[in-house]
Amino acid sequence: MDMADVDDRKVKKSFPLTRQSTLGALAAIVRNPLDAIPPSIFTEPLVFSKTAGEMKVYLADPVLIHEALVKNADSLEKGEQVRRALGPALGQGLLTADGAHWKWQRQSVAGAFRHDKLRELQPVMIAAAERTLQRLSASTGGIIDVGHEMMRTTFDIIVETMMSGGHGIDVNRVESGISDFLKPTGWSFALGLLNAPEWIPYPGKRKAQAAVEFLRTSLMSVVEKRRQHPNDRPDLVNLLLGASDPETSRTMSDAEIVDNLMTFITAGHETTALGLAWTLDLLARNPVVENKVLAEIERVTDGQPVTADHISKLVYTQQVFSEAMRLYPPAPIITRAALNDFQLGDYIIPKGTVLIVPIYAVHHHASLWSEPHAFDPDRFSPDAAKTRHRYAYMPFGAGPRVCIGNAFAVMEATAILAVLLQKIRLVASAPRPPAPIMKITLRPKHALKMKVIAR
């Protein structure tokens with residue numbers, strides 16, 4: 001197949017088609033889906049690719065990304081591969097649903113993420129960070145797994161803010177359960193590419209299924225207890241219990257509420273935790289930047305404990321977190337499937353084509369970023385940000401389906417960094433950072449081990 005197959009009468013210019021061997025592509029997807037991204041997309045605006053008979057379009061041009069994900073949002077859906085990989089755990093929640101079902105769920109939870117509501121949550125975020133600080137201070141001189149510690153911290157915040165304490169959920173089992181579910185997703189994507197039956201076994205599948213059963217059962221218990229003993233707490237559980245479709249007046253079943261709680265737990269705590277872990281590793285390897293962060297924290301807090309009033313003033317600290325998410329975007333790839341033929345730039349995208357926005361490649365693209373592999377938080381100074389296309393930086397996705405919790409994530413990350421860095425120093429144990437590996441989210445291939453030193 002060449003570009004003539006993509007409706008030659010409407011294509012104004014040709015573009016090379018990248019062919020990937022099916023076996024090579026499948027091996028890359030199982031090993032690390034980042035390796036399946038065509039290398040040319042790090043320098044070209046878009047790349048057409050065909051693997052196992054499936055046509056894909058990789059987009060790295062911010063103008064084309066905006067045109068696809070915003071202007072043509074109604075022509076796209078999440079697609080079968082996303083449903084196959086995430087559906088068993090997330091059901092038809094906000095991350096996986098399409099169409100009207102997605103729209104009314106989005107409207108239902110939007111109120112929980114208004115700026116005024118988020119400001120009310122800042123003391124909870126700071127308190128969770130302080131509990132982590134106490135844990136880490138007790139380990140002074142020792143080595144910690146910073147990824148694990150950040151997972152505990154952000155999960156603590158999610159449970160307190162979204163489920164008002166969570167009724168005794170086992171934090172450690174939830175964390176390990178999410179990891180067990182995500183670990184074999186490369187197999188799910190690879191088998192989906194082959195249209196293989198979903199019953200086919202693969203390494204880690206049974207463990208993933210057991211993890212999903214535990215996670216959903218735990219959350220179902222939270223929902224059932226809240227129905228039996230209702231209260232007026234302004235949390236996500238009550239918001240979902242009271243949600244109704246404005247057009248049909250239908251309400252969410254318990255299973256649908258669990259779908260959304262699962263979505264917010266996985267997407268709402270793990271991604272931020274990973275962003276924080278990468279940030280702390282980058283700071284440990286860049287003392288000049290770390291010193292600028294410490295100076296800002298000292299100036300804003302005047303040496304006093306961090307409070308809610310300080311968070312919005314920690315501008316450079318937020319820039320550091322933003323730059324870490326550029327280098328290591330927690331959700332490194334967006335995929336969509338075309339519901340119908342539509343025009344994209346100079347091309348007609350046929351129905352059924354898979355569109356891939358490799359955020360990891362966009363964030364490292366040679367035409368969009370000077371020295372794209374360097375750690376430089378000044379890229380996100382207010383003046384520098386104004387000169388950049390909105391869709392050159394997408395750690396939270398783009399378009400109507402942009403992550404609803406993006407402001408929540410930045411706020412909690414800033415609070416956690418300020419509380420921890422004010423009192424302790426974390427030193428990287430390994431001479432080089434671990435390679436990133438995609439398991440839906442972008443994780444370090446090896447645990448980020450760091451030494452705790454009191455300041």
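All heavy atoms count here, side chains included; hydrogens, waters and symmetry mates do not.
In Arg119, the CZ atom is not crowded: 12 or fewer heavy atoms of neighbouring residues, nucleotides or ligands sit closer than 6.0 Å. Residue Lys439 qualifies as enclosed at atom NZ: its count of foreign heavy atoms under 6.0 Å is above 12. Within a 6.0 Å sphere centred on NZ of Lys205, other residues, nucleotides and ligands contribute more than 12 heavy atoms. No more than 12 heavy atoms of other residues, nucleotides or ligands shown are found within 6.0 angstrom of CZ on Arg206. In Asp74, the CG atom is not crowded: 12 or fewer heavy atoms of neighbouring residues, nucleotides or ligands sit closer than 6.0 Å. Counting non-hydrogen atoms of other residues, nucleotides and ligands closer than 6.0 Å to CG of Asp232 gives a total of 12 or fewer.
Smallest separation of non-hydrogen atoms from Gln92 and Asp259: N-OD2, 3.0 Å. Across all non-hydrogen atoms, the minimal contact from Asp235 to Thr161 is CB-O, 3.6 Å. Listed here is the closest heavy atom pair of Leu239 and Val109: CD2-CA, 3.7 Å. The heavy-atom pair separating Tyr58 from Ser49 by the smallest distance is CE1-CB, 3.8 Å. When all heavy atoms are compared, the tightest approach of Ala428 to Met450 is N-CE, 3.9 Å. Nearest heavy atom pair, residue Gly397 against residue Val402, reads O-CG2, 3.8 Å.
No side-chain donor-acceptor contact under 3.5 Å links Lys183 to the backbone of Ala208. Here the side chain of Asp245 pairs no donor or acceptor atom with the backbone of Trp104 at under 3.5 angstrom. At distances below 3.5 Å, not a single donor-acceptor pair connects side-chain atoms of Trp102 with backbone N or O atoms of Arg401. For Arg390 (side chain) and Ala398 (main-chain N/O), no donor-acceptor pair under 3.5 Å exists by modelled atom type. Side-chain atoms of Trp369 come within 3.5 Å of backbone atoms of Val362 as a donor-acceptor pair (strictly under, hydrogens ignored). Judged by distance alone, the side chain of Arg83 and the main-chain N or O of Thr96 form no donor-acceptor pair under 3.5 Å. Thr272 contributes no side-chain N or O that, together with a main-chain N or O of His269, makes up a donor-acceptor pair within less than 3.5 Å. Remark: side-chain polar atoms of Thr217 are not paired, donor with acceptor, to backbone N or O of Phe214 under 3.5 angstrom. The backbone N or O of Leu46 lies less than 3.5 Å from no partner atom in the side chain of Asp61, so there is not a single donor-acceptor pair.
Under the 4.0 Å criterion applied to side-chain N and carboxylate O atoms, Arg131 and Glu160 are not assigned as salt-bridge partners. For Arg226 and Asp254, the salt-bridge test fails: no basic side-chain N is under 4.0 Å from an acidic carboxylate O. A salt bridge is defined here as a Lys NZ or Arg NE, NH1 or NH2 lying under 4.0 Å from an Asp or Glu carboxylate O, and Glu323 with Arg326 meets this definition.
Taking the side chain as every heavy atom from C-beta outward, Val306 and Ile311 approach each other to under 4.5 Å. Side-chain contact between Leu121 and Leu118: present, with at least one pair of heavy atoms (C-beta onward) separated by less than 4.5 Å. Using a 4.5 Å cut-off on side-chain heavy atoms (C-beta onward), Lys445 and Asn32 make no contact. The closest side-chain heavy-atom distance from Met162 to Val237 is not below 4.5 Å. You'll find the side chain of Val293 stays beyond 4.5 Å of the side chain of Leu314, heavy atoms only.
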Exercise. Check the pair Met325, Phe396 against side-chain contact (heavy atoms from CB on, under 4.5 Å), reporting the backbone distance first and the verdict last.
Key: CA-CA 9 Å; Met325 288 195 297; Phe396 300 105; 3.7 Å; yes
Exercise. For Lys103 and Gln107, run side-chain contact (heavy atoms from CB on, under 4.5 Å): C-alpha distance rounded to whole Å, both residues' side-chain angles, the deciding distance at 0.1 Å, then the answer.
Key: CA-CA 6 Å; Lys103 185 176 180 181; Gln107 292 171 340; 3.7 Å; yes
Exercise. List the steps and the verdict of side-chain hydrogen bond (donor to acceptor under 3.5 Å, both in side chains) for Thr132 and Arg135.
Key: CA-CA 5 Å; Thr132 298; Arg135 275 199 317 274; 3.2 Å; yes
Quiz item: Which is it for Thr353 and Phe342 under the side-chain contact (heavy atoms from CB on, under 4.5 Å) test, yes or no, and what are the steps along the way?
Solution: CA-CA 10 Å; Thr353 300; Phe342 69 93; over 6 Å; no
Exercise. Could you please spell out the steps behind the side-chain contact (heavy atoms from CB on, under 4.5 Å) verdict for Arg336 and Glu77?
Key: CA-CA 5 Å; Arg336 296 287 189 269; Glu77 65 175 358; over 6 Å; no
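Put simply, CD1 on Ile440 and CG on Leu86 are 4.5 Å apart, with the number rounded to the nearest 0.5 Å. Interatomic distance, CG of Leu355 versus CD1 of Ile334, reported as 11.0 Å (0.5 Å rounding). To the nearest 0.5 Å, atoms OG1 (Thr154) and CE (Met125) are separated by 11.0 Å. Remark: Ser108 OG to Ile257 CD1 distance equals 10.5 Å, nearest 0.5 Å. For the atom pair CD1 (Ile41) and CD1 (Ile356), the distance works out to 10.0 Å, reported to the nearest 0.5 Å. Annotation: the span from Thr414 atom OG1 to His310 atom NE2 amounts to 14.0 Å, rounded to 0.5 Å.
Phe375 does not carry Arg285 over the face of its six-membered ring by the limits of under 6.0 Å from the centre and within 45° of the normal.
Between Phe264 and Phe113, the distance separating the two ring centers is shorter than 6.0 angstrom.
Aromatic ring orientation, His66 versus Tyr391: tilted (interplanar angle from 30° to 60°). Aromatic ring pairs are classed by plane angle as parallel below 30°, tilted from 30° to 60° and perpendicular above 60°; the pair Trp187 and Tyr202 is parallel.
For His148, the side-chain hydrogen bond (donor to acceptor under 3.5 Å, both in side chains) partners two or more places apart in sequence, or in a different chain, are Glu175. Scanning for side-chain hydrogen bond (donor to acceptor under 3.5 Å, both in side chains) contacts around Gln105 gives His101, Asn260, with sequence neighbours left out.
A donor-acceptor pair shorter than 3.5 Å can be found between the side chains of Ser179 and Arg443.
Screening Pro62, Ser322, Pro329 for a side-chain contact (heavy atoms from CB on, under 4.5 Å) with Tyr393, the sole residue that qualifies is Ser322.
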